[in-house]
Colleague: 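Right, I'll just put the structure down here and ask away after.
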Amino acid sequence: MKTIDKIPTGKLGRTSKMVQTGVKIGGNYLKYYSKKAFDPQLTRDELDENNATDIYDGLKSLKGSALKVAQMLSMEKSLLPSAYVEKFSLAQFSVPPLSAPLVRKTFKKYNGKYPEELYDTFATQSVNAASIGQVHKATKDGKKLAVKIQYPGVADSISSDLAMVKPIATRMFNLQGKDSSKYFKEVEGKLLEETDYLLEVEQSKNISKACQHIPNLRFPKYYEELSSERIITMDWMDGKHLSEFAKENNDQDKANKLGQALWDFYMYQMHQLRAVHADPHPGNFMVDKDANLIAIDFGCIKEVPEDFYIPYFELANIDNINDPEFFNKKLFELEILRADDSEKEVKFFSELFYQMLSLFTSPFHKETFDFADGSFWESITALSEKYSKDTELRKMNGNRGSKHFLYINRTFFGLYNLLHDLEAKVEINNYKKYI
């Protein structure tokens, strides 16, 4: 893969790159409508493919939070056309890496020394490049190490990057009014945390220690003396990325073993720690030769406050969902319904979230759930498509729900997708034996 010698770090340079991307997208629409005039049956497939390619090409050269947003969107498989999901998913662990000279320059800037001064060996060619940083192999005192280096300028460009994508997100999610800013502030705060590698090391050590008793789960050791605000050094973990394993695996017992470890890991964090790994994409998990799950990235940790946790999980209970008075009370507590809503809005959003929560929480309504169940995913896709085309919904204020929904729902949707990829069957309450 071609390497990158320079990343635009200033607001002007990054904005210019996005403007160039916008011009390309405009050209794609012109071509599409020209062809459509001669062929009324023409679908949007080619347009989606071209737009997804041009957007991703623009974002991958910028890296940072703009690319991170694409990575987040790639997990919303029922929200975006497949062309976008396929292209944006490359942001998880396959983007052009920094060139060797830029790696050495960046390392010296962040750590005060060149990598060869700190490690016995250091491979300047990365083994994994993602949205915020890339990973290199190294050795020291006989230990195999993974060294994660943050891309230059990422932390400084988060606010301006989000300002660039805000108009797109506002239209895509039908956000209106002043209070939409709370969602963007939540994303900005989490992205800023992800650029603080000292915080990530602390979070990694805390969660690793707290969850070490859960079976079939492994974590690398982190080395604070070889880490800094923009560099993390940890043990090198041998294994395959979860998505790669899932594609090749034909052993249902292994799939169930991994799926159970993944489910127990997340439920323990959610219910016991009240802080959860909120970036569950395949690039953050590996599988070793003994089919153990390896968690390797703790940059995005979402704390779950009590006043959100209680009503959120009360609505995972099917009896509570089917109690209209209790259900609507919880919708107000979760900021889905508001005091200034009209009778029509209360009725509309109560029905909408009744359908959504009845479906989304269905794994919790059973002792065992099979995430390979195609009907579950077909129902999610059908419901998503139904409301994406609902003209009534577009007329209403889309700012619904506590800001905490952003990362908690993202966590569950990502977890469900990983379990679906594994085709795992899990025991829902198994995690309780570890609490």
Colleague: Might you point out which heavy atoms bring Ser350 and Leu337 nearest each other, and give the distance in Å?
Modeller: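 In this case the closest contact between Ser350 and Leu337 is OG-CD1, 3.7 Å.
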Colleague: Please identify which of these residues, Phe413, Trp377, Phe371, meets the ring pair (Phe, Tyr, Trp, His ring centres under 6.0 Å) condition with His420.
Modeller: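 With His420 as partner, Phe413, Trp377, Phe371 yield a single ring pair (Phe, Tyr, Trp, His ring centres under 6.0 Å), made by Trp377.
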Colleague: Which value, rounded to the nearest 0.5 Å, describes the distance between Arg338 atom CZ and Arg400 atom CZ?
Modeller: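 Here the rounded value is 4.5 Å.
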Colleague: Provide the closest heavy-atom pair for His365 versus Ile318 in the form atom of the first, atom of the second, distance.
Modeller: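 Minimum heavy-atom contact is CE1-CD1, 3.6 Å.
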Colleague: Return yes when atom CD of Glu248 has more than 12 non-hydrogen atoms of other residues, nucleotides or ligands closer than 6.0 Å, and no otherwise.
Modeller: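 Yes, CD of Glu248 has more than 12 neighbouring heavy atoms, counting only those of other groups under 6.0 Å.
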Colleague: Measure from the ring center of Tyr110 to the ring center of Tyr197 and say whether it is less than 6.0 Å.
Modeller: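 Centroid separation for Tyr110 and Tyr197: 6.0 Å or greater.
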Colleague: Got a list of side-chain donor-acceptor pairs under 3.5 Å for residues 299-306, not counting sequence neighbours?
Modeller:
unit_1	atom_1	unit_2	atom_2	d
Lys302	NZ	Glu186	OE2	2.7
Lys302	NZ	His404	ND1	2.8
Glu306	OE1	Arg274	NH1	2.5

Colleague: Taking only residues at least two apart or on different chains, which pairs with a member in residues 228-239 satisfy salt bridge (Lys or Arg N to Asp or Glu O under 4.0 Å)?
Modeller: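 Counting only pairs at least two positions apart or across chains, the salt bridge (Lys or Arg N to Asp or Glu O under 4.0 Å) contacts touching residues 228-239 are Lys144-Asp238.
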Colleague: Salt bridge between Glu335 and Lys182, side-chain N to carboxylate O under 4.0 Å?
Modeller: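 Result for this pair is yes, salt bridge flagged.
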Colleague: Would you say the ring centroid of Phe327 lies under 6.0 angstrom from that of Phe353?
Modeller: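 No - the distance between ring centres of Phe327 and Phe353 does not fall below the 6.0 Å cut-off.
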Colleague: What residue among Asn292, Asp288, Asp290 forms side chain to side chain donor-acceptor pair (under 3.5 Å) with Arg218?
Modeller: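 When side chain to side chain donor-acceptor pair (under 3.5 Å) is applied between Arg218 and each of Asn292, Asp288, Asp290, only Asp288 qualifies.
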Colleague: At their closest point, which heavy atom of Ser227 faces which heavy atom of Thr233, and how far apart are they?
Modeller: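 The pair with the smallest heavy-atom distance is OG-N, 3.0 Å.
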Colleague: If you count every heavy atom of other residues, nucleotides or ligands that lies below 6.0 Å from Glu188 atom CD, does the total exceed 12?
Modeller: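 Enclosed: over 12 neighbouring heavy atoms sit under 6.0 Å from CD of Glu188.
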Colleague: Using every non-hydrogen atom in the two residues, find where Ile321 and Leu357 come nearest and quote the distance to one decimal.
Modeller: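 So the two residues come closest at CD1-O, 3.9 Å.
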Colleague: Could you tell me whether Asp421 and Lys247 have a side-chain N and a carboxylate O separated by less than 4.0 Å?
Modeller: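 Lys247 and Asp421: not salt-bridged.
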Colleague: Any idea how Phe298 and Phe219 line up, ring-wise: parallel (<30°), tilted (30 to 60°), or perpendicular (>60°)?
Modeller: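 Correct class here is tilted.
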Colleague: Do you know which two heavy atoms are closest between Pro215 and Ala261, and how far apart they sit?
Modeller: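 Closest approach of Pro215 to Ala261: O-CB, 3.9 Å.
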Colleague: Could you tell me the separation between the OG1 atom of Thr368 and the CG atom of Asn430, rounded to the nearest 0.5 Å?
Modeller: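 It is 9.5 Å, given to the nearest 0.5 Å.
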Colleague: Evaluate ring-ring contact (aromatic ring centres under 6.0 Å, His included) for Tyr266 paired with Tyr431, printing each intermediate quantity in order.
Modeller: CA-CA 9 Å; Tyr266 269 92; Tyr431 74 92; over 10 Å; no
Colleague: Aromatic contact between Trp263 and Phe364, with the criterion being ring centroids under 6.0 Å apart: yes or no?
Modeller: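 Here the rings of Phe364 and Trp263 have centres that are less than 6.0 Å from each other.
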Colleague: Which atom names give the shortest non-hydrogen contact between Gly133 and Tyr151, and what distance separates them?
Modeller: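 For Gly133 and Tyr151, the tightest heavy-atom pair comes out as O-OH, 3.2 Å.
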Colleague: Using 4.0 Å as the upper bound for N to carboxylate O, is an ion pair formed by Glu351 and Lys347?
Modeller: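 Yes, charged N to carboxylate O under 4.0 Å.
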